[in-house]
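Everything on this sheet refers to the single structure shown next.
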Amino acid sequence: MNPKIVIVGYRSFSNLAKQALIDLPPWVEYEITEMPLQFLTAPDSVQNLQSFFETGTIVICGDRSASYLRKIISNFVVQIKVTGFDLLEIISQIGSKEIVVLNFREGLDSIEKIASLLNVRIRQIQFQDFEEASAILESLQEEGITDVVGGSWICEAAPQYGMRGHCYYTQNSMISAFQFAYNILKTYRTEIEKFAQFKTIVDMNRSGVISLDTRSKVKIISKTTEQLLGLKSKQAIGKPLHELIPSLVAANPTLLGNEPQYNLIFEHNHRKLAVDVVPVHTHGVTMGHILALDDVANLQEIEQKIRKKITQKPMVANYGFHDIIGSSPALQESIRQAKKFSRANSSILIHGESGTGKELFAQSIHRMSARHMKPFVAVNCAALPETLIDSELFGYEEGSFTGARKGGKVGLFELAHQGTIFLDEISELPLHLQSRLLRVLQEKEIVRIGGDQVIPIDVRIVAASNKDLLKCIKEGSFREDLYFRIGVLQLSIPPLCRRKEDIPLLFKHFIQSHERLTAKVEEIDLDLLLSYHWPGNVRELENVAERFLVLSEGEKLTRGTLRDLLHLALFPTSSLSSPIEDPEEEALSEAELIEKALIEANGNKEKAAQILGISRTTLWRKMRGE
């Protein structure tokens, strides 16, 4: 329901309102209603008058009627004021030596002064209802009175009794009333918007939030608070805090003072909770308090996980371009471009499937750049919980939230100052943090959470993604302006299936710790590795090599054994040596299994190889008896 203004009065009053109506914005509704005197004075009508006006509606009416309406309706009533200047102007224009002013129920204070100023005899008469007003007009007609001044109903009725009616409401006073009503609605709307925003922020906050008024009674609680305290909002609103959380107030008598208090621990319903209490000050006066609650167990668990993930990554680049193994043209072209990019200072976006070595390239670029003596900070955007990634990237001041470290914390952007920050899986960054990151890139400065100090930073950003960011932009999960800001230079790393000539080199590199095994591998054909499609790229190849090393322990390293172990390392859940589900097949030899598969595949060797869980090349070799 939009805010509304209703103008109430008789026909003359309504016409004046239409002439004086100001331009109102679309969100303000208005209605001009003719409400004759009989409606205001009839007992049955008075009882139903409140239902005529909707909640939140502002009523504009005549000066005398306003005093009466305020007593019988709860809506805000704006009166059209009758000023001494208005009366002075009207009476001076009439030109009669005797004038009568008729008012509904109450008189005007300034009549006597105006009468002495104009040397005019002015009588002021009040009437209580329609019948009395008619009787007064009839009596005035008999006296020979020619002019009466009053509200809109008097102006309409006077000619019926042979008199001229003069309305004491002016267009200027009507415009002033409109403006006053609009200003009230604008303030009301602003407060409603602020409340809605505050309630939304409270409900979105992962901490439980309680808002108290000046009497320490609950005004608002968030959905998280309902879960933490085990109650519903309607059970808490209006209750004093000591009834809602008696254990907290009993243990902290000065809880609701004029100074903030942080990290207070208490128990409620056999649950250990932490709370921050901050007073709300307006012009030096405490208007209430805000409480932020968290489950201590959850805080400790999250803090431990985050610290573990962060400390796993050193703030240095350990790898360079010489550590990137491969001689394929596709890989060498990527290395050539990356070396060019390392000499620039622009942000870089690295595209590549999972496991292709995006961080290896990022570290290599940093090592060859002018920033090589400064920190290299790697952050996996998908590994950090959304609730903490903001504080980890940008840091926080002491006491800025429950569980905050004493003395605050330096963010990763500050740690990477004058160096490089590598944002892996940047597509997983929440949209609100994408906006903040964009600002950091544009302004080259940050502000810690809970702080007001602007901290300048000089950081080169290297971002990486295994998703198509242009597709993410279309889906609305990634900001287009951020994409163009981080992707000034773009580097694509080929998947392993596009550089198969590098597979033997990589495999031998991963098993080089076992010198005897490395020498033996030189004697066998690695075509099984070449025929595989490698969805996990280099990371998967490294895993296969590690599995091959473990399986080779204690084995007699013949060519046949090595081939079988290589097959088992590549297909650990599907091989000729896997358990056979059909008991009748347990006694079959390898040759008999191959023959059975060929019959099942109608002689199709590729399909037979799939049935056996081996490559087509291995099937050919085994059919030749190798």
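Side chains included, hydrogens not; waters and symmetry mates left out as well; all remaining heavy atoms used.
Ile365 places a side-chain heavy atom less than 4.5 Å from the side chain of Leu491. At least one side-chain heavy atom of Val78 sits under 4.5 Å from a side-chain heavy atom of Phe180. Contact annotation: the side chain of Leu429 never approaches that of Leu423 to less than 4.5 Å [non-hydrogen atoms, C-beta and beyond]. Within the 4.5 Å cutoff, no side-chain heavy atoms of Val6 are placed close to those of Ile60. With a 4.5 Å cut-off on side-chain heavy atoms, Leu393 and Val440 do not count as touching. In this structure, Ile350 and Val462 have side chains that are in contact, with non-hydrogen atoms separated by less than 4.5 Å. The closest side-chain heavy-atom distance from Ser427 to Leu469 is below 4.5 Å. Contact annotation: the side chain of Gln235 approaches that of Lys232 to within less than 4.5 Å [non-hydrogen atoms, C-beta and beyond].
Atom NE2 of His417 is separated from atom CD1 of Ile446 by 10.5 Å, given to the nearest 0.5 angstrom. Between the CG atom in Asn380 and the CD atom in Glu359 there is a gap of 8.5 Å [rounded to 0.5 Å]. To the nearest 0.5 Å, atoms CG (Leu293) and CG (Leu273) are separated by 6.0 Å. The CG atom of Leu412 lies 9.0 Å from the CD1 atom of Ile389; values are rounded to the nearest 0.5 Å. With values rounded to the nearest 0.5 angstrom, Gln434 atom CD is found 4.5 Å from Leu431 atom CG. The line from CG of Asp424 to CD1 of Ile426 is 9.5 Å long, rounded to the nearest 0.5 Å.
The main-chain N or O of Asn318 is found under 3.5 Å from a side-chain atom of Gln363 such that the two form a donor-acceptor pair. The backbone N or O of Ser233 lies less than 3.5 Å from a partner atom in the side chain of Glu226, making a donor-acceptor pair. Counting only distance, with no hydrogens or angles, the side chain of Asp213 and the backbone of Arg215 share a donor-acceptor pair below 3.5 Å.
Considering all non-hydrogen atoms of both residues, Ala236 and Leu244 come closest at CB-CD1, 3.7 Å. Taking each heavy atom of Leu229 and Asn269 in turn, the nearest pair found is O-ND2, 3.3 Å. Between Pro535 and Glu353, the shortest heavy-atom contact is O-OE1, 4.4 Å. Contact between Gly208 and Thr224 at its shortest, heavy atoms only, is N-CG2, 3.7 Å. Taking all atoms of both residues into account, the shortest heavy-atom contact from Val538 to Thr356 is CG2-O, 4.4 Å. Residues Gly355 and Asn537 come closest through the heavy atom pair O-CB, 3.4 Å.
At most 12 non-hydrogen atoms from other residues, nucleotides or ligands lie less than 6.0 angstrom from CD of Gln453. More than 12 heavy-atom neighbours from other residues, nucleotides or ligands sit within 6.0 angstrom of CD on Gln442. The local environment of CZ in Arg271 is crowded, with over 12 non-hydrogen atoms from other residues, nucleotides or ligands closer than 6.0 Å.
Listed by chain and number, the residues in a side-chain hydrogen bond (donor to acceptor under 3.5 Å, both in side chains) with Tyr319 amount to none (sequence neighbours excluded). Partners of Phe361 according to the ring pair (Phe, Tyr, Trp, His ring centres under 6.0 Å) rule, which considers only residues two or more places apart in sequence or in another chain, do not exist here. Asp458 pairs by the side-chain hydrogen bond (donor to acceptor under 3.5 Å, both in side chains) definition with Arg371, not counting sequence neighbours. Partners of Phe422 under the ring pair (Phe, Tyr, Trp, His ring centres under 6.0 Å) rule, at least two apart in sequence or in another chain, do not exist in this structure. For Pro279, the side-chain contact (heavy atoms from CB on, under 4.5 Å) partners two or more places apart in sequence, or in a different chain, are Pro260, His281, Thr286, His289. Listed by chain and number, the residues in a side-chain hydrogen bond (donor to acceptor under 3.5 Å, both in side chains) with Thr420 are His366 (sequence neighbours excluded).
Salt-bridge annotation for Lys467 and Glu425: absent, with no side-chain N of the basic residue lying under 4.0 Å from a carboxylate O of the acidic one.
When only modelled atom types and interatomic distance are considered, Arg460 and Ser347 share no side-chain donor-acceptor pair under 3.5 Å. For the residue pair Arg479 / Ser435, a side-chain donor-acceptor distance below 3.5 Å is found, with atom types taken as modelled.
A centroid separation of 6.0 Å or more is found between the aromatic rings of Tyr483 and Phe478.
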Practice problem: Applying side chain to side chain donor-acceptor pair (under 3.5 Å), run through Ser222 and Thr225 and close with a yes or a no. | Solution: CA-CA 5 Å; Ser222 67; Thr225 305; 2.9 Å; yes
Exercise. Report the C-alpha distance between Lys217 and Leu212 in whole Å, list the side-chain angles of each, state the deciding distance to 0.1 Å, and finish with yes or no for side-chain contact (heavy atoms from CB on, under 4.5 Å).
Key: CA-CA 5 Å; Lys217 291 187 176 182; Leu212 303 177; over 6 Å; no
Practice problem: Show your reasoning for whether side-chain contact (heavy atoms from CB on, under 4.5 Å) applies to Arg539 and Ser354. | Solution: CA-CA 8 Å; Arg539 186 181 294 121; Ser354 180; 3.2 Å; yes
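Using bins of under 30°, 30° to 60° and over 60° for the plane-to-plane angle, the ring pair Phe394/Phe413 lands in the parallel bin.
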